[in-house]
Amino acid sequence: MRIHGEMPPEKEEEEKVKSLSLSIQQPQKLVVVGYALTSKKKKSFLQPKLEVLARNKGILFVAIDLNRPLLDQGPFDVVLHKLLGKDWCGAIEDYRKKNPEVAVLDPPDAIEQLLNRQSMLNDVTNLNLSDCYGKVRVPRQMVINNDPSSIPHEVTSAGLKLPLVAKPLVVDGTAKSHQMFLAYDQFSLSELEPPLVLQEFVNHGGVLFKIYIVGEAIKVVRRFSLPNVTKQELSKVEGVFRFPRVSSAAASADDADLDPSVAELPPLPLLEKLARELRHRLGLRLFNVDMIREHGTKDVFYVIDINYFPGYGKMPDYEHIFTDFLLSLMQSKYKNRPAQ
Ligand SMILES: Nc1ncnc2c1ncn2[C@@H]1O[C@H](COP(=O)(O)OP(=O)(O)OP(=O)(O)O)[C@@H](O)[C@H]1O
Ligand SMILES: O=P(O)(O)O[C@H]1[C@H](O)[C@@H](O)[C@H](OP(=O)(O)O)[C@@H](OP(=O)(O)O)[C@H]1O
Ligand SMILES: [Mg+2]
Ligand SMILES: [Mg+2]
């Protein structure tokens with residue numbers, strides 16, 4: 001008995017030969033991805049499961065040699081990078097100008113706005129997502145550049161509400177740039193070392209949504225976060241307390257037994273619109289957004305952090321999503337090429 005849709009054996013052979021000869025006439029072009037990553041990033045991102053799947057799909061990752069001029073290397077179809085410094089950014093800019101057909105992920109000037117927590121959330125502030133299943137806000141915040149002794153006065157005159165999260169102003173991939181403090185009173189903030197961003201803490205029930213963006217693809221996961229701070233606690237406690245990287249553990253909160261009103265994912269149309277708008281405004285294709293839901297509301301969300309080229313290795317299915325994205329870059333490249 002033949003299952004519906006199955007071919008007779010002779011026809012099947014004919015088809016095999018046909019597709020083989022087609023592939024000989026038009027051998028699949030390898031997609032060469034040059035990468036320049038810190039060793040930490042290389043380890044977390046370039047996992048064997050990604051490299052193997054990529055190879056099967058005709059994608060080859062090649063390390064860029066940082067001791068040789070970038071312009072002498074390649075040819076690459078895509079350049080993937082997460083390195084800092086003027087020299088590197090200059091080299092990448094120069095490379096982009098001279099190789100406009102290569103997809104450089106992403107342009108250094110677009111990345112720059114995410115390397116400073118003052119500019120990082122600007123584009124979210126200016127978004128207008130009304131009628132889109134929820135409100136997306138940014139916590140009120142201020143920057144302290146110097147003189148920690150002036151912080152209590154500055155916080156009071158800016159009218160910021162306690163508790164505050166104190167975050168290093170600059171995000172440069174070092175552990176220090178992720179060192180966070182929770183401040184229960186404004187006086188203790190003078191103990192901290194500027195430059196800092198002081199951001200209002202928003203109660204959100206201890207769950208954070210991490211929205212990974214890879215080109216047009218979105219993946220959202222739940223992560224654990226800081227618990228709510230009650231009024232009572234705030235009135236009793238004084239001081240600033242360093243807290244660990246609560247939301248970075250790969251063990252996600254997806255499987256935890258959570259209050260459904262806290263755990264419910266933000267509506268997909270809201271996330272799609274947010275991702276689309278941010279992709280355009282930021283001019284980036286690889287980033288993630290940390291979002292929390294204001295406790296006691298259904299649809300008031302706050303964006304508290306945006307990261308360039310985040311820990312995709314922790315994103316479920318990242319190897320499929322990322323390789324599909326790389327192939328889609330090639331398709332749009334050939335589609336946009338003028339006919340010969
Ligand atoms: N305004 C806020 N209100 C409530 N919780 C916050 C706020 N800002 C930060 N947090 C908590 O602190 C954590 C760290 O803050 P943030 O995401 O800004 O730091 P980060 O080091 O840049 O994180 P990442 O590892 O995602 O880059 C968040 O995951 C969240 O748990
Ligand atoms: O994917 P999430 O949970 O958001 O966490 C990432 C941070 O946001 C990134 O800042 C880290 O990358 P850098 O250490 O290169 O900044 C990134 O480092 P990683 O790629 O080595 O895991 C992650 O810690
Ligand atoms: Mg974060
Ligand atoms: Mg961050």
Side-chain angles (χ1 to χ4, degrees), residues 35-47 49-51 61 80-85 88-89 105-106 108 111-124 138-139 141 165-182 195-197 199-202 204 206-214 217-226 242-254 266 271 274-275 278 282 284-293 301-319 321-322:
Y35 67 88
L37 303 171
T38 57
S39 53
K40 171 178 169 288
K41 196 54 136 188
K42 184 179 168 206
K43 190 159 169 251
S44 71
F45 175 73
L46 219 51
Q47 295 176 24
K49 65 178 177 189
L50 175 69
E51 282 203 281
F61 287 98
L80 196 59
H81 72 112
K82 187 168 181 179
L83 290 179
L84 296 173
W88 174 252
C89 292
L105 304 168
D106 275 308
I111 297 172
E112 207 179 310
Q113 45 191 334
L114 297 189
L115 305 183
N116 181 306
R117 297 188 197 267
Q118 184 174 26
S119 52
M120 172 191 280
L121 305 178
N122 280 351
D123 285 313
V124 184
V138 169
Q141 64 175 44
V165 187
K167 309 184 178 189
L169 177 66
V170 174
V171 179
D172 58 6
T174 59
K176 198 160 182 251
S177 68
H178 296 288
Q179 246 172 47
M180 304 282 146
F181 294 84
L182 188 61
L196 293 168
V197 162
Q199 191 177 80
E200 286 188 345
F201 179 84
V202 178
H204 56 282
V207 172
L208 171 142
F209 307 106
K210 234 174 223 290
I211 306 145
Y212 285 94
I213 288 137
V214 180
I218 305 177
K219 191 98 183 175
V220 55
V221 295
R222 293 182 192 88
R223 292 275 175 86
F224 292 112
S225 181
L226 292 179
R242 179 152 161 208
F243 64 89
R245 296 189 71 178
V246 271
S247 311
S248 94
S252 82
D254 278 332
L271 297 184
L274 177 72
L278 285 181
L282 294 168
L284 295 172
R285 282 163 286 188
L286 301 179
F287 59 102
N288 74 3
V289 177
D290 288 354
M291 191 188 236
I292 53 180
R293 173 190 283 112
F301 298 95
Y302 283 81
V303 170
I304 55 167
D305 185 28
I306 308 181
N307 303 297
Y308 179 62
F309 199 154
Y312 286 119
K314 290 182 272 179
M315 176 177 99
D317 273 344
Y318 91 105
E319 66 278 27
I321 295 176
F322 217 92

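Order of listing sets the numbers, starting from 1, for every ligand and every atom in it.
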| said: For a 4.5 angstrom cut-off between non-hydrogen side-chain atoms, does L271 reach V220? | reply: yes
| said: With respect to Y312, determine whether any N or O atom, backbone or side chain, lies less than 3.5 Å from an N or O atom of ligand 2. | reply: no
| Would Y212 and Y318 count as a close aromatic pair, with their ring centres under 6.0 Å? | no
| Going by distance only, is there an N or O of F309 that falls short of 3.5 Å from an N or O of ligand 2? | no
| task | Pull out every atom of ligand 2 sitting under 4.0 Å from any heavy atom of G173, numbered as shown with elements. | result | 14 (O), 16 (O)
| said: What protein heavy atom lies closest to atom 6 (C) of ligand 2? Include the residue and the distance to one decimal. | reply: G311 N, 3.5 Å
| query | Are there more than 12 heavy atoms of other residues, nucleotides or ligands under 6.0 Å from atom NZ of K314? | reply | yes
| Are any of the heavy atoms in M315 under 4.0 Å away from ligand 2? | no
| said: Can you report which non-hydrogen protein atom sits closest to atom 12 (O) of ligand 2, along with the distance? | reply: K41 NZ, 3.3 Å
| task | Pick one of side chain, backbone, both or neither for how K43 approaches ligand 2, counting any non-hydrogen atom pair under 4.0 Å. | result | neither
| message | Does the plane of the ring in H81 sit parallel, tilted or perpendicular to the ring in W88? Use 30° and 60° as the thresholds. | response | tilted
| field | Presence of N, O or S from D290 under 2.8 Å of the Mg ion (ligand 4) | value | no
| message | For a 4.5 angstrom cut-off between non-hydrogen side-chain atoms, does D172 reach L115? | response | no
| query | Quick check: does K40 get an N/O under 3.5 Å from an N/O on ligand 2? | reply | yes
| remark: min-distance N/O/S atom, D305 vs the Mg ion (ligand 3), resolves to OD2
| said: Taking a cutoff of less than 4.0 Å between a non-hydrogen atom of the residue and any ligand atom, is H178 in contact with ligand 2? | reply: yes
| Side chain or backbone of N288 under 4.0 Å from ligand 2, or both, or neither, by non-hydrogen atoms? | side chain
| message | Is it the case that the side chain of S119 and the backbone of Q113 share a donor-acceptor pair, with hydrogens and angles ignored and the cut-off at 3.5 Å? | response | yes
| query | Is there a side-chain contact between R293 and F209, using heavy atoms and a 4.5 Å cut-off? | reply | yes
| Proximal atoms of ligand 2 relative to R223 (non-hydrogen, under 4.0 Å) | 3 (O)
| said: Using a 3.5 Å cut-off on N or O atoms only, is S248 in polar contact with ligand 2? | reply: no
| task | Taking all heavy atoms of D305 and all of L121, pick out the closest pair and write down the distance. | result | N-CD2, 4.1 Å
| task | Would you mind running through ligand 2 and noting each atom that sits below 4.0 Å from a heavy atom of N307? | result | 4 (O), 8 (O)
| field | Heavy-atom side-chain proximity of F287 to I213 below 4.5 angstrom | value | yes
| task | State if Y212 counts as touching ligand 2 under the rule of any non-hydrogen atom under 4.0 Å. | result | yes
| request: Using a strict 4.0 Å cut-off to heavy atoms of K82, name the atoms of ligand 2 that fall inside it. | output: 12 (O), 13 (P), 15 (O), 16 (O)
| So do the side chains of I111 and F309 get within less than 4.5 Å of each other, counting heavy atoms only? | no
| said: I'd like to check which ligand 2 atoms, numbered from 1 as shown, lie under 4.0 Å from a non-hydrogen atom of R245. | reply: 7 (C), 24 (O)
| What's the shortest distance from atom 4 (O) of ligand 2 to any protein heavy atom, and which residue and atom give it? | K210 NZ, 2.6 Å
| query | Do you know the tightest heavy-atom contact between Q118 and V197? | reply | N-CG2, 4.2 Å
| Of the protein's non-hydrogen atoms, which lies at the shortest distance from atom 5 (O) of ligand 2, and what is that distance? | K314 NZ, 3.4 Å
| said: Show the nearest heavy-atom pair for residues F201 and V165, with the distance to one decimal. | reply: CD1-CG2, 3.8 Å
